[in-house]
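Down below is the structure, laid out as structure tokens.
We name chains A, B, ... by the order of the sequence lines, and we start the count at 1 in each one. These numbers come from a predicted model, not from an experiment.
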Amino acid sequence: MPRFTLPDGSIKEIASPATVAAIAAAIGAGLARAALAGRVDGRLVDLDTPLETDAAVEIVTPSTPDGLEILRHSTSHLMAHAVKELYPAAQVTIGPAVADGFYYDFDYERPFTPEDLTAIEARMEAIVQRDLPVERRLMERQEAIDWFTAQGEHYKAEIIRDIPSDQALSLYRQGEFMDLCRGPHVPSTGRLKAFKLTRVAGAYWRGDSKNKMLQRIYGTAFADKKALAAHLTLLEEAAKRDHRRLGKELDLFSIQDDAGGGLVLWHPMGARMRQTIEDYWKQTHREAGYEFLFTPHMANLDLWRTSGHLDFYRESMFNPMTVDEQSYQIRPMNCPFHILVFRSRIRSHRDLPMRWAELGTVYRYEMSGVLHGLFRVRGFTQDDAHIFCRESQIEAEISAILDLTLQTLRTFGFEKFEINLSTRPGKSVGSDAIWDKATTALRNAIVGHGLDYAEDVGGGAFYGPKIDVKITDAIGRKWQCSTIQLDFNLPERFDIGYIGEDGGRHRPIMIHRALMGSLERFFGILIEHYAGHFPLWIAPVQAVVLTITEAHNDWAVEVAKRWRAAGLRVETDLRNHKVSYKIREHAMRKIPWLLIVGEREQAEGAVSPRDRHGKDLGLIPVDDMLQRLLLEAANRT
RNA sequence: GCCGACGUAGCUCAAUUGGCAGAGCAACGGAUUUGUAAUCCGUAGGUUCGGGGUUCGAUUCCCCGCGUCGGCUCCA
């Protein structure tokens with residue numbers, strides 16, 4: 001009898017022919033009911049896969065990431081099944097599970113409408129009710145091509161032709177519907193209990209804009225209705241936090257046709273916040289031993305020819321303009337300028353490392369269709385810096401950059417990080433020795449910080465390895481902002497050097513790094529992360545003093561004056577309105593503190609603070625409250 | 001750029017089959033002097049995204065542009 005080792009180390013012996021389903025049943029009835037598939041010696045298989053030899057077996061249920069993915073993949077098949085029943089002329093193409101759901105691409109004579117989605121969803125429910133078994137079978141290559149061609153499914157036939165001929169082809173059948181698929185799948189359609197179709201979109205066949213546009217239907221699926229509802233609630237929460245909406249409501253910024261798409265106008269309240277962020281950035285960089293540069297927004301096109309951007313970055317650059325019969329290029333990056341500063345005089349090894357930072361505004365051409373609020377723009381400011389150092393200094397520099405990165409991100413309330421190390425790709429510049437040395441230095445710096453990381457082998461840029469840091473926001477979404485990139489290319493192209501201890505000329509290592517990435521995008525992420533409820537130190541207006549009646553105006557003005565002198569951003573609201581009216585208004589502006597002043601406060605030199613959650617702190621002496629807020633702002637909490 | 005949806009007052013949204021373009025909030029004026037999320041009355045506000053067409057008549061139907069939004073990498 002074959003012996004099956006379970007994840008907890010225990011062993012089950014099941015008479016042959018055993019299946020994953022039988023093993024699950026032997027463990028318990030509950031698990032048998034929940035089982036969707038199995039992981040056998042690391043490979044995902046269907047529940048009814050026969051197991052004839054000893055193996056490590058794990059039962060896959062919807063509560064695991066694997067299980068959820070299978071569930072979603074099966075739901076995409078369910079959708080394709082429903083589409084074929086309703087619209088037989090539609091051709092199926094591919095339909096994978098994706099990050100938080102699934103999609104399926106169809107070739108159909110017309111786009112699907114929202115009404116179609118409702119109909120498809122209803123038909124999906126009906127197929128679930130039929131509880132059709134989902135059966136796997138293998139098919140010969142030519143037989144499969146013939147079968148799909150006979151069905152009018154030309155995309156499937158094309159897919160099969162592209163599959164290496166030594167690979168077995170598997171098909172999955174549920175009722176009348178059969179689809180080419182690697183699997184595994186849930187055992188029957190009745191197992192799909194909670195799904196929703198979310199949107200339709202165009203998508204190119206194989207993602208290539210030269211190919212035909214297909215109709216993509218997106219949906220999502222979960223183990224049960226409750227989990228689905230929770231996900232839909234999360235989407236609503238994300239919509240409420242949308243920085244485009246909050247940016248308008250809080251009057252932080254705008255993007256207007258009259259200026260152009262992807263070009264951001266920072267309004268006074270948003271500009272205040274940006275200034276606070278920049279002040280913090282300057283302070284930390286000064287402390288970390290950086291110098292600051294200011295460089296031009298455009299340069300002679302030859303500079304971009306030398307840097308190589310004209311070759312490999314052209315499609316992201318705006319067209320050059322002509323000035324005095326010379327071509328000038330608006331900058332998509334800051335690095336060539338920093339190189340020019342380095343090259344402006346002879347550098348000694350004693351000068352290294354040189355850490356030069358610039359809040360550099362760059363302009364990049366993005367296709368009109370991809371512009372998106374502050375997240376995808378055509379003009380933005382990078383918190384850029386370039387470090388020129390000796391090979392032996394790489395590790396210490398990377399380590400210091402990681403310190404600064406984590407410190408910065410934590411200050412803005414991000415606690416969870418995901419680190420990626422990307423190594424040498426096939427086509428690249430630089431010697432094996434330098435790549436090895438640099439990659440090891442990066443790895444050591446990460447490990448030295450006690451951080452977990454994933455290695456993206458071959459995922460680096462052609463000119464050097466890099467570290468990316470992803471953050472997780474308040475509602476669990478991940479964003480990549482920080483990037484630390486080594487560059488063996490630009491120093492070479494600009495032929496920069498320093499004089500070493502040996503009196504000879506040496507090539508410095510160049511490190512590009514950005515912590516927040518684009519200030520615009522980072523600001524958008526902050527808006528969504530905090531849902532507009534910014535911590536005191538960033539809030540554009542930190543407190544509003546509001547009066548009960550005109551009789552208290554003098555005291556309100558006095559309070560505001562003192563607090564402003566102490567460095568806080570304070571407004572007064574002396575309007576002849578009821579307090580409740582004023583409170584509502586400033587609460588909607590998400591002002592952290594409202595200071596109510598009336599008869600008692602005026603008489604006692606006090607204020608009655610109300611926090612953003614509506615909590616009334618009662619009468620507090622004005623200077624006590626001031627100290628409290630100054631502390632809160634200084635702590636950046 | 002491509003596919004789809006959408007574009008009405010500063011904002012959020014109405015307007016029946018093609019028949020005088022409206023409401024709430026905001027703004028402005030006045031009254032109200034008010035104690036923890038909306039006081040009352042009044043006034044003004046429009047090239048219905050732009051251009052063309054069909055029609056007696058177009059916010060509505062058609063065509064062309066512009067813009068916004070959702071997508072366009074995640075392998076059968």
Side-chain angles (χ1 to χ4, degrees), chain A residues 69 73 76-77 80 92-99 102-105 108 110-114 116-117 139 144 148 153 155-164 167-172 179-183 198-218 239 242 244-245 248-249 251 254-258 260-262 315 365-373 546-553 574-589 594-601 608-619:
Chain A
E69 194 179 326
H73 191 188
S76 93
H77 273 233
V92 294
T93 68
I94 62 166
V98 290
F102 62 86
Y103 66 79
Y104 209 113
D105 286 346
Y108 191 46
R110 62 169 178 83
F112 293 111
T113 64
D116 291 329
L117 284 203
M139 201 181 260
F148 278 110
E153 298 287 5
Y155 291 89
K156 285 291 174 192
E158 183 181 332
I159 289 164
I160 295 170
R161 280 188 212 102
D162 288 347
I163 294 175
Q167 220 170 304
L169 295 180
S170 58
L171 285 85
Y172 280 80
D179 197 1
L180 175 75
C181 188
R182 200 160 49 180
T198 48
R199 60 179 79 96
V200 285
Y204 299 105
W205 168 234
R206 302 203 147 154
D208 188 336
S209 57
K210 288 195 274 296
N211 289 338
K212 184 165 182 190
M213 173 80 58
L214 305 173
Q215 300 303 321
R216 171 170 299 181
I217 304 179
Y218 279 92
D242 192 314
R244 293 166 298 187
R245 167 198 169 121
K248 189 182 277 179
E249 282 175 13
D251 198 15
S254 64
I255 297 171
Q256 302 179 32
D257 299 351
D258 293 329
E315 70 280 11
Y365 172 73
E366 298 277 6
M367 286 192 291
S368 61
V370 305
L371 299 176
H372 180 98
L546 45 95
T547 50
I548 306 284
T549 78
E550 279 170 0
H552 318 114
N553 283 5
L574 309 180
R575 293 175 303 169
N576 174 17
H577 276 299
K578 282 165 67 171
V579 207
S580 54
Y581 178 87
K582 299 196 211 178
I583 286 177
R584 175 183 151 81
E585 202 161 273
H586 297 115
M588 290 198 306
R589 292 171 67 201
L594 302 185
L595 308 169
I596 287 97
V597 303
E599 221 36 62
R600 294 197 299 278
E601 290 78 6
S608 285
R610 179 192 205 273
D611 74 12
R612 58 167 43 135
H613 309 294
K615 194 170 163 215
D616 180 357
L617 302 198
L619 215 62

For nucleotides 38-44 of chain B, print each protein N/O atom paired with a nucleotide N/O atom at under 3.5 Å, atom names and distance only.
from, atom 1, to, atom 2, distance (Å)
A38(B), N9, R584(A), NE, 3.3
A38(B), N7, R584(A), NE, 3.2
A38(B), N7, R584(A), NH1, 2.9
A38(B), N7, R584(A), NH2, 3.3
A38(B), N6, R584(A), NH2, 2.4
A38(B), N1, R584(A), NH2, 3.0

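- Judged as a ring pair (Phe, Tyr, Trp, His ring centres under 6.0 Å), and not counting sequence neighbours, the contacts of Y104(A) are F106(A).
- The salt bridge (charged side-chain N to carboxylate O under 4.0 Å, His left out) test applied to R244(A) returns D242(A), not counting sequence neighbours.
- In this structure, the salt bridge (charged side-chain N to carboxylate O under 4.0 Å, His left out) partners of E366(A), at least two apart in sequence or on a different chain, are R376(A).
- Not a single ring pair (Phe, Tyr, Trp, His ring centres under 6.0 Å) links F102(A) to another residue, sequence neighbours left out.
- Each of C75(B), U36(B), A37(B) was ranked by its minimum atom distance to the side chain of A587(A); first place goes to A37(B).
- Base pairing of U68(B) is made with A5(B), judged by Watson-Crick or G-U wobble geometry with both donor-acceptor distances under 3.5 Å.
- Taking the salt bridge (charged side-chain N to carboxylate O under 4.0 Å, His left out) definition, one finds that R206(A) meets it with E158(A), D162(A), sequence neighbours left out.
- Remark: the separation of the C1' atoms in A9(B) and U59(B) is 14 Å, to the nearest Å.
- In this model, the phosphate group of A37(B) is approached by a side-chain N or O of R610(A) to a distance below 4.0 Å at OP1 or OP2.
- Close to C74(B), at under 4.0 Å from its OP1 or OP2, lies a side-chain N or O of Y103(A).
- Listed nucleotides A37(B), C74(B), G70(B) differ in distance to V98(A); the shortest reach to its side chain belongs to C74(B).
- Remark: the separation of the C1' atoms in A5(B) and G45(B) is 30 Å, to the nearest Å.
- Using N1 to N3 plus N6-O4 or O6-N4 for Watson-Crick, or N1-O2 and O6-N3 for G-U wobble, each under 3.5 Å, C13(B) pairs with G22(B).
- The shortest distance between the side-chain N/O atoms of R182(A) and the OP1/OP2 oxygens of A76(B) is below 4.0 Å.
- Between H372(A) and the phosphate of G70(B), there is a side-chain N or O to OP1/OP2 separation shorter than 4.0 Å.
- Listed by chain and number, the residues in a salt bridge (charged side-chain N to carboxylate O under 4.0 Å, His left out) with D611(A) amount to none (sequence neighbours excluded).
- In this structure A38(B) sits in no base pair that meets the Watson-Crick or G-U test at under 3.5 Å.
- Applying the ring pair (Phe, Tyr, Trp, His ring centres under 6.0 Å) test to H73(A) and every residue at least two apart in sequence or in another chain returns H77(A), H185(A).
- For the OP1/OP2 pair of G70(B) and a distance below 4.0 Å, the side-chain nitrogens and oxygens of R244(A) include at least one atom meeting the criterion.
- At the heavy-atom level, K156(A) lies under 4.0 Å from the strands shown only through sugar-phosphate atoms.
- Side chain of R216(A), nearest nucleotide from A37(B), A76(B), G71(B): G71(B).
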ask   = Is there a side chain to side chain donor-acceptor pair (under 3.5 Å) between K582(A) and T547(A) once you walk through the steps?
value = CA-CA 9 Å; K582(A) 299 196 211 178; T547(A) 50; 3.1 Å; yes
message = One character per nucleotide, please: for nucleotides 1-9 of chain B, 5' to 3', B when the base has a protein heavy atom closer than 4.0 Å, S when only the sugar-phosphate does, - otherwise.
response = BBBS-----
